[in-house]
Amino acid sequence: MAVYILGIESSCDDTSAAVLRDGVLLSNVTASQAVHEAYGGVVPELASRAHQQNIVPVVDAALKQAGIEREQLSAIAFTRGPGLLGSLLVGVSFAKGLAASLGIPMIDVNHLHGHVLAHFIHTENDDYVSPEFPFLCLLVSGGNSQIILVKSYKDMEIIGQTIDDAAGEAIDKCSKVMGLGYPGGPIIDKLARQGNPEAFTFSKPNIAGYDYSFSGLKTSFLYNLRDWIKDDPDFIEHHKEDLAASLEKTIVDILMKKLRLAAKDLKIRQVAVAGGVSANTGLRNAFHDYARRYGWKIFIPRFSYTTDNAAMIAITGYFKFLDKDFCPMSAPAYSRVAEDRV
Ligand code: KG4
């Protein structure tokens with residue numbers, strides 16, 4: 001009998017549902033929340049409310065696109081954390097209610113594992129080649145910047161991470177300082193394509209090991225900008241492409257330097273990237289460049305699997321389903337990784 005998994009993601013500002021049949025993706029439906037654009041960042045209270053409005057239609061659409069009835073589901077996988085608690089509670093409570101009404105098991109998924117295992121999402125007849133274990137994964141999103149040693153589907157070790165801001169957070173904040181929209185990542189990416197990455201220099205962290213730091217860069221960007229605006233009030237307008245390109249280059253250089261160090265030390269040549277910032281053109285180009293220079297075999301996910309989506313939750317859930325690794329009804333959502341315990 002076929003195994004049908006419904007995946008549910010609601011950790012931040014995307015309500016998403018996906019259906020897999022025997023590990024193959026049938027549907028992946030996401031409702032994003034435009035309501036936050038006016039505030040220049042995600043407003044948790046508004047995010048929870050929007051999840052409440054979106055969750056039922058999104059799940060219905062995912063089941064419809066997959067061409068199945070809810071009674072055919074074998075299990076429900078859901079993001080239990082980390083993320084915004086109010087947002088998570090919507091997905092977790094919905095998953096519990098649906099699983100109880102159908103009498104099927106629930107599978108809790110760590111959102112970060114989901115991002116890493118996005119490399120194992122396959123649709124019928126696609127040609128994406130998944131990495132083999134062990135591999136390194138650079139996970140870069142609005143909330144995380146980590147280098148993860150992936151030993152198996154469930155054994156992942158964080159060997160480096162940011163000690164302050166995440167890369168995506170730094171990009172979003174610098175974009176806000178420039179008066180650009182939210183989220184800043186795609187806007188900076190677009191502007192950067194027309195700018196000179198060598199035009200400006202911003203400070204880079206000097207931290208031991210594989211850890212990252214982006215708060216100094218953010219401050220350096222802000223202070224430099226203040227000085228330049230004193231001389232030319234329209235400085236941003238005159239230089240926005242060069243500013244975006246230089247900022248992007250600085251962030252990509254910081255990310256790649258530590259990743260290269262880890263790959264060299266651990267003698268690993270399979271290197272993947274995941275999370276929202278992996279959509280960035282400069283970062284993708286740097287991966288291709290490092291592949292040529294250092295003989296890396298690189299894994300870059302499809303755009304639709306880089307930002308938050310339920311397909312990655314469903315595939316992680318599928319691997320746990322095969323191990324019969326289910327979670328009890330009493331499992332609470334958790335906002336931080338350290339609370340990742342039943
Ligand atoms: O993984 P994600 O969708 O959400 C979480 O943080 O959980 O990542 C969102 C982040 C935001 O900071 C956004 O600005 C960034 O990913 N992002 C990008 C690009 N697309 C999204 N950053 C740089 N270039 C992009 N093209």
Side-chain angles (χ1 to χ4, degrees), residues 9-16 28 30-34 36-37 39-42 44 47 51 79-85 87-88 91 109-119 121 137-146 148 161-162 165-178 180-195 197 212 214 217-218 243-256 272-287 300-313 335-337:
E9 156 64 27
S10 73
S11 66
C12 190
D13 60 341
D14 292 300
T15 320
S16 186
N28 184 31
T30 302
S32 301
Q33 304 177 357
H36 308 287
E37 281 166 18
Y39 300 90
V42 177
H51 283 305
T79 304
R80 204 178 133 198
L84 299 172
L85 201 62
S87 290
L88 287 163
V109 173
N110 175 326
H111 180 80
L112 305 178
H113 282 200
H115 270 303
V116 174
L117 296 185
H119 289 281
I121 299 171
C137 186
L138 174 69
L139 174 55
V140 267
S141 69
N144 296 280
S145 296
Q146 303 176 330
I148 303 174
Q161 59 188 322
T162 182
D165 289 353
E169 195 180 352
I171 296 175
D172 290 342
K173 284 179 180 166
C174 291
S175 154
K176 196 172 175 181
V177 166
M178 285 171 70
L180 305 172
Y182 174 84
I187 304 168
I188 294 286
D189 191 343
K190 208 168 158 203
L191 287 171
R193 307 283 64 80
Q194 298 140 42
Y212 290 119
F214 291 99
L217 165 64
K218 187 185 64 189
L243 284 166
S246 304
L247 173 69
E248 181 189 274
K249 183 182 186 303
T250 311
I251 290 178
V252 169
D253 283 353
I254 296 170
L255 289 171
M256 295 309 287
V273 63
V277 181
S278 68
N280 181 261
T281 313
L283 185 59
R284 287 175 173 238
N285 290 344
F287 260 71
I300 302 178
R302 289 181 205 286
F303 278 107
S304 50
Y305 307 145
T306 56
T307 47
D308 291 348
N309 66 88
M312 68 186 198
I313 303 305
S335 57
R336 290 181 301 124
V337 174

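Counting starts at 1 for both ligands and their atoms, in listed order. Only this structure's heavy atoms are used, side chains among them; waters, hydrogens and symmetry mates stay out.
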Only heavy atoms count here, so choose which of Asp172, Asn280, Val42, Thr281 is nearest to atom 14 (O) of ligand 1.
-> Asp172
Per-residue contact class, Asp189 against ligand 1 - non-hydrogen pairs under 4.0 Å = side chain
Contact partition for Ser141 relative to ligand 1, non-hydrogen atoms under 4.0 Å | both
Is the shortest side-chain heavy-atom distance between [X] and [Y] below 4.5 Å?
X      : Y     : result
Leu112 : Pro82 : yes
Thr15  : Gln33 : yes
His51  : Leu84 : no

Within a distance under 4.0 Å of any heavy atom of [X], pick out the atoms of ligand 1 and give their elements.
X      : value
Thr307 : 3 (O)
Gly143 : 6 (O)
Pro183 : 14 (O)
Ala279 : 20 (N), 26 (N)

Under a 4.0 Å N-O cut-off, is there an ion pair linking Asp253 with Lys249?
-> yes
For [atom], what is the closest protein heavy atom, and at what distance to 0.1 Å?
atom                    : answer
atom 1 (O) of ligand 1  : Gly276 N, 2.9 Å
atom 22 (N) of ligand 1 : Gly185 CA, 3.3 Å
atom 15 (C) of ligand 1 : Val277 CG2, 3.9 Å
atom 6 (O) of ligand 1  : Gly142 N, 2.7 Å

Heavy-atom contact under 4.0 Å between Pro186 and ligand 1?
->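 In this structure, Pro186 qualifies as a contact of ligand 1 - some heavy atom is under 4.0 Å.
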His115: heavy atom below 4.0 Å from ligand 1, yes or no?
-> yes
Check the pair Met256, Leu283 against side-chain contact (heavy atoms from CB on, under 4.5 Å), reporting the backbone distance first and the verdict last.
-> CA-CA 8 Å; Met256 295 309 287; Leu283 185 59; 3.8 Å; yes
Got an N/O contact under 3.5 Å between Gly168 and ligand 1?
-> yes
Leu191 vs Leu180, side-chain contact (heavy atoms from CB on, under 4.5 Å): CA-CA, chis, key distance, verdict = CA-CA 11 Å; Leu191 287 171; Leu180 305 172; 3.7 Å; yes
Taking atom types as modelled, is there a side-chain donor on Asn309 or Ser16 under 3.5 Å from an acceptor on the other?
-> no
Can you sort out the partners of His111 under ring-ring contact (aromatic ring centres under 6.0 Å, His included), two or more places apart, ordered by chain and number?
->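 Scan of His111 (ring-ring contact (aromatic ring centres under 6.0 Å, His included), adjacent residues dropped) gives His115.
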Sorted by chain and number, sequence neighbours left out, ring-ring contact (aromatic ring centres under 6.0 Å, His included) with Tyr212 holds for Phe214
